[in-house]
Protein chains: 2
Amino acid sequence: MRGAQQRMGISERKKREKIDKKELIRSAAMKMFLEDGYAKTSIRNIADAIEYSPGTIYLYYKDKDELLYEVQRDAYLKMLEDFKTKAKHKDPVKRLLQIGKTYVTFGLKNPELYDLMFIIRAPMNVDENLHKDNGGECFEYLLDCLESCIDKDLLKVTDLQQAALQCWAMAHGLVSLHLRCRLKMIAEEKEIPKVLAAAMEGYIKQLIK
Amino acid sequence: MRGAQQRMGISERKKREKIDKKELIRSAAMKMFLEDGYAKTSIRNIADAIEYSPGTIYLYYKDKDELLYEVQRDAYLKMLEDFKTKAKHKDPVKRLLQIGKTYVTFGLKNPELYDLMFIIRAPMNVDENLHKDNGGECFEYLLDCLESCIDKDLLKVTDLQQAALQCWAMAHGLVSLHLRCRLKMIAEEKEIPKVLAAAMEGYIKQLIK
DNA sequence: AAATATACTGAATGGTGTTCAGTAAATAAT
DNA sequence: ATTATTTACTGAACACCATTCAGTATATTT
């Protein structure tokens, strides 16, 4: 009886240790992805950093993409947290402005993170619903806000889906064009945050009745 | 005298042949970039396709990036051609709508081309002005159109730079989110062209007085 | 005919993701 | 207590990648 309990305790400890290792790998990968970018971070580099062999990583993650998905999951949560703390004004229109500003700022402050969330190519074969499940929560935060605006008849537009798509596309367009250095003809590097924020704010204000 | 002329003729022929080879490499690369994407096309693959050794390519191009820049140049010209043929309505507002539609359609019809023009990462160290010089012409086409609109007081906005930035960001946002499969929660694959065109058109119409 | 210049090769260098036979330690079964 | 089994991990090997460069073969000049 006692032996069995002990064995169960041990096996649980093992399970915990296994999760810890997975977590160790994940956090090392996250750190390196953010510092050097996804492409420049190799499985070998990660293995070196945590002082294990490359093969070990494949005991916990199917491939490099799966590690990316894990980090993306975190990133979406981080963005959602940002929305919840920085875009909670009662007035849905003002909240919409906060969401836009928060999104753009998030992208500018976390370029590598933004990159692996929305820009870099990664086969969506494995987990087709990852972005629906994770990014989905962020998108729904926007949807809820826009729905409130439309319900209260505060906007010129009435098509919720289209409004949401436009807001997201505008914010993503601004951030991603900048992250790919395509706005050099428009503004100096140091002016970019202001210019992008102004463009986003300007767009949303056009929506208001 | 005749000998000298002949030599000059020969050296010119050689020069032509050298340009031809550079062109041969460029067009093979372009074709493969469009079919398989930039990342999946290797220097070895290109060398195989034109039946030369990998080393030969480096006699004509400094590195793979330089080959990318060459193809980007072409791509910008192609887009500008599109604008000139498909967006030439006299009425600047209608022309603006044509530009938006043309841009989005271009991205959807040439996904790999769009990718290497605006989405993939490539060090901008070498030729910082490439996008200013090439993409610049496309952007100026938009700028000219918007300037006409604003001059004739047809838009609600008056800030030319901001309007141009918004238009571009909206179009790029729509196209690039789709190319990275981020719009699955919004619309079915086959509905995407309609949805994106409607969003773009809807946005521009919001701008009109 | 000898010297030089040109065009090209393909093996080598140092990287990448991924696999897998082998090892060593811990646990379970006898 | 001894044997068998499971578990965790290794690191060399595989098939790629971009890039370099000594060597070769052909063409041109001297």
Side-chain angles (χ1 to χ4, degrees), chain A residues 1-25 28-29 32-33 36-70 120-123 125-126, chain B residues 1-25 28-29 32-33 36-70 120-123 125-126:
Chain A
M1 195 64 175
R2 199 174 148 271
Q5 277 184 323
Q6 202 174 43
R7 269 196 299 282
M8 280 179 70
I10 289 169
S11 77
E12 275 162 20
R13 195 205 69 212
K14 285 288 170 84
K15 214 175 185 175
R16 276 203 313 278
E17 280 173 0
K18 190 151 191 177
I19 291 169
D20 284 351
K21 190 146 296 155
K22 200 167 180 179
E23 169 57 23
L24 174 72
I25 296 169
M32 297 174 79
F33 287 169
D36 314 319
Y38 179 72
K40 283 184 184 169
T41 303
S42 72
I43 296 289
R44 279 174 178 78
N45 296 155
I46 299 170
D48 277 356
I50 58 173
E51 297 179 293
Y52 280 92
S53 99
T56 302
I57 290 171
Y58 288 88
L59 297 174
Y60 296 87
Y61 293 94
K62 200 177 119 284
D63 52 26
K64 200 186 169 186
D65 282 329
E66 205 172 279
L67 214 31
L68 171 65
Y69 301 145
E70 197 92 353
I120 64 171
R121 218 166 197 164
N125 322 332
V126 194
Chain B
M1 195 64 175
R2 198 172 149 273
Q5 279 184 322
Q6 200 174 45
R7 268 197 300 281
M8 281 180 70
I10 288 169
S11 78
E12 275 162 19
R13 194 206 68 213
K14 285 286 172 84
K15 213 173 186 178
R16 275 204 312 278
E17 280 172 3
K18 190 148 190 177
I19 291 168
D20 284 352
K21 191 146 297 155
K22 199 166 180 179
E23 169 57 25
L24 174 72
I25 295 168
M32 297 173 79
F33 286 169
D36 314 319
Y38 179 72
K40 283 184 184 170
T41 302
S42 71
I43 296 289
R44 278 176 177 76
N45 296 154
I46 299 170
D48 277 355
I50 59 173
E51 295 180 293
Y52 280 91
S53 100
T56 303
I57 290 170
Y58 287 89
L59 298 174
Y60 296 87
Y61 292 96
K62 197 177 122 286
D63 53 24
K64 201 185 169 187
D65 283 328
E66 204 172 280
L67 215 29
L68 172 65
Y69 301 145
E70 196 93 355
I120 64 171
R121 219 164 194 166
N125 322 333
V126 193

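Chain letters run A, B, ... following the sequence lines, proteins first and then strands; every chain starts at 1. Note that the coordinates shown come from a computational prediction; the quantities given were computed from them, not determined experimentally.
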(request) Could you state the atom-to-atom distance from CG of Leu59(A) to P of dT7(D) in whole Å? (result) 12 Å
(request) Quick one: closest heavy-atom pair of Met32(A) and Ala49(A), and the distance? (result) SD-CB, 3.9 Å
Might you list the N or O atoms of the protein lying below 3.5 Å from N or O atoms in nucleotides 18-25 of chain C, with each pair's distance?
residue, atom, partner, partner atom, Å
dT18(C), OP2, Tyr58(A), OH, 2.7
dT18(C), OP2, Lys64(A), N, 2.9
dT18(C), O5', Tyr58(A), OH, 3.3

(request) Give a yes/no answer on whether the side chain of Asn45(B) brings an N or O atom under 4.0 Å of OP1 or OP2 in dC16(D). (result) no
(request) Enter the distance from Phe33(B):CZ to Glu70(B):CD here, rounded to the nearest 0.5 Å. (result) 10.5 Å
(message) Between P on dT10(D) and CD1 on Ile25(A), what's the gap in Å once rounded to a whole number?
(response) 10 Å
(request) Measure the distance from CD1 on Ile50(A) to C1' on dC9(D) and round it to the nearest whole Å. (result) 11 Å
(message) Tell me the interatomic distance from Lys40(B), atom NZ, to dA18(D), atom P, rounded to whole angstroms.
(response) 14 Å
(request) Search all heavy atoms of Ala47(A) against all heavy atoms of Ser53(A) and return the closest pair with its distance. (result) CB-C, 3.7 Å
(request) Choose from dC17(D), dC9(D), dC8(C) the nucleotide whose nearest atom is closest to any side-chain atom of Tyr52(A). (result) dC9(D)
(message) Does any part of the side chain of Asn45(B), heavy atoms only, come nearer than 4.5 Å to the side chain of Asp36(B), both counted from C-beta?
(response) no
(request) Starting at atom NZ of Lys22(A), determine the distance to atom P of dC9(D), rounded to an integer number of angstrom. (result) 14 Å
(request) Would you mind reading off the distance between Met32(B) atom CE and dA18(D) atom P, rounded to a whole angstrom? (result) 10 Å
(message) Quick one, Ile25(B) and Lys22(B) - any side-chain contact, counting heavy atoms below 4.5 Å?
(response) no
(request) Select one nucleotide: of dA7(C), dG11(D), dA18(D), the one nearest the side-chain heavy atoms of Ser42(B). (result) dA18(D)
(request) With rounding to the nearest 0.5 Å, note down the distance linking CD in Glu66(A) to OH in Tyr58(A). (result) 11.0 Å
(request) Please examine the side chains of Leu68(B) and Ile120(B), heavy atoms only from C-beta on, and report whether any two atoms are closer than 4.5 Å. (result) yes
(request) Would you mind reporting whether Leu67(A) and Ile46(A) have side-chain heavy atoms less than 4.5 Å apart? (result) yes
(request) Round to a whole Å and report the spacing from CD1 of Ile57(B) to C1' of dT9(C). (result) 13 Å
(request) Ignoring the backbone of Tyr60(B), work out which of dC8(C), dG11(D), dG10(C) is nearest its side chain. (result) dC8(C)
(request) Please report the closest heavy-atom contact between Ala39(B) and Lys64(B), naming both atoms and the distance. (result) O-NZ, 3.9 Å
(request) Check the distance between dG11(D)'s P and Asp48(A)'s CG and give it to me in whole angstrom. (result) 11 Å
(request) Enter the distance from Lys21(A):NZ to Thr56(A):OG1 here, rounded to the nearest 0.5 Å. (result) 7.5 Å
(message) What's the separation between atom CD1 in Ile50(B) and atom CG in Leu24(B), rounded to the nearest 0.5 Å?
(response) 5.0 Å
(request) Describe, as an angle rounded to 10 degrees, how the axis at the first end of the helix from dA1(C)-dT30(D) to dT30(C)-dA1(D) is tilted relative to the axis at the last end, five pairs per end. (result) 30°
Can you check nucleotides 23-26 of chain D for protein contacts, nitrogen or oxygen pairs under 3.5 Å, and list what you find?
none

